Amino acid sequence: MIAGLFFNEYFFKNKGIILAESSEEEIHLPSVQTIGKLSVEEAISKRRSIREYKDAPLSLKEVSQLLWSAQGITANRGGRTVPSAGALYPLEIYLVAGRVENLKPGIYRYNPERHSLIKIIEGDKRVALFSSSLFQNCIKNAPVSLVICAQYEKTTQKYGERGKRYVHMEVGHVGQNIHLQAESLGLATVVIGAFTDEAVKKVLNTKEDPLYIMPVGTEK
Ligand SMILES: Cc1cc2nc3c(=O)[nH]c(=O)nc-3n(C[C@H](O)[C@H](O)[C@H](O)COP(=O)(O)O)c2cc1C
């Protein structure tokens, strides 16, 4: 594991990929499990969009597992849990954390290379995200939301216009992985595509384009 981490750090530094800057607050996530309680067939058959959640926090381990399913690194060369056109990885995952054990409410960016969170903004921003998403209650009531954003240029500079299509395909892979991972953890989610892009960008303090918001919690 440790050798793997060193390898990743060396590899990504030499590819010019930015790791955590020393001034940024970084939270290392608990290690992930690659054996779960549910078969992939059970997870596929049970998956449903769930929009009502219990008033209960998520554990940091659950958050770690969800983020890993979305973009985690599973191969020494940087291969991830989801396919990506040209292995260019144009998607970024933000965590809007309201109620997570051992994590302050705030907005964080997932760093796949280090399996860590980088704090962007402190404070509970769930209501702001809900207001940016046509007031869909599931976003206000879930303990967390994962927001999947795109940096289109990473893919379009190689593939031109067609790259946009690839980015949209990739967000589907991520959404399904999170859905199935949530199912396997006994959690519930839904993909949200109806929101005001500029308002979501403002909440996250990013120029990247939001594509999906996925509130996650325990089904009510
Ligand atoms: C691209 C896309 C956008 C969606 N946007 C929303 C949304 O904004 N709000 C919502 O409640 N559900 C949204 N959904 C979830 C669908 O309503 C849901 O998948 C559908 O009703 C089928 O139900 P199931 O997922 O339980 O099979 C979206 C689904 C997709 C694929």
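As the structure is a prediction and not an experimental result, all values here were calculated from the model. Both counts, for ligands and for their atoms, begin at 1 and track the order of listing.
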Suppose we measure from [atom] to each protein heavy atom; which comes out shortest, and what is that distance?
atom	result
atom 19 (O) of ligand 1	S49 OG, 3.3 Å
atom 9 (N) of ligand 1	Q136 OE1, 2.8 Å
atom 3 (C) of ligand 1	G193 N, 3.8 Å
atom 14 (N) of ligand 1	V191 O, 3.0 Å
atom 16 (C) of ligand 1	R51 NH2, 3.8 Å

Would you mind running through ligand 1 and noting each atom that sits below 4.0 Å from a heavy atom of [X]?
X	result
A194	8 (O)
R47	24 (P), 25 (O), 27 (O)
R48	24 (P), 26 (O), 27 (O)

Legend entry - Between H168 and Y152, ring centroids under 6.0 Å: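 H168 vs Y152: aromatic centres under 6.0 Å.
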Inset, instruction - Kindly say whether the aromatic ring centers of Y110 and Y94 come within a distance under 6.0 Å. - result: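 No, ring centres 6.0 Å or more apart.
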Legend entry - Candidates R80, H115, E92 - the one meeting side chain to side chain donor-acceptor pair (under 3.5 Å) with Q71: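 Exactly one option meets the side chain to side chain donor-acceptor pair (under 3.5 Å) with Q71, and it is R80.
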Legend entry - N177 to S69 - nearest heavy-atom pair and separation: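 Scanning both residues completely, I find the closest heavy atoms to be ND2-O, 2.8 Å.
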Legend entry - Taking every non-hydrogen atom, the tightest pair across A194 and L134: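 Looking at all heavy atoms of both residues, the shortest contact is CB-CD1, 3.6 Å.
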Legend entry - Flag for E101-S59: side-chain donor and acceptor within less than 3.5 Å: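 The criterion, which ignores hydrogens and geometry beyond distance, is not satisfied for E101 and S59.
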Inset, instruction - Check each heavy atom of Y212 against ligand 1 and say whether those closer than 4.0 Å belong to the side chain, the backbone, both or neither. - result: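 Just the side chain.
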Legend entry - Under-4.0 Å heavy-atom contact with ligand 1, by part of V190 that carries it: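 Side chain only; the backbone of V190 stays clear of ligand 1.
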Legend entry - Nearest protein heavy atom under 4.0 Å from atom 31 (C) of ligand 1, yes or no: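 So atom 31 (C) of ligand 1 has protein heavy-atom neighbours under 4.0 Å.
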Legend entry - Sidechain-backbone polar pair: N141 side chain, Y53 backbone, donor-acceptor under 3.5 Å: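 It does not hold such a pair.
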Legend entry - Among I44, T189, L185, the one residue meeting side chain to side chain contact (heavy atoms under 4.5 Å, CB included) with L180: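 Exactly one pass, corresponding to I44.
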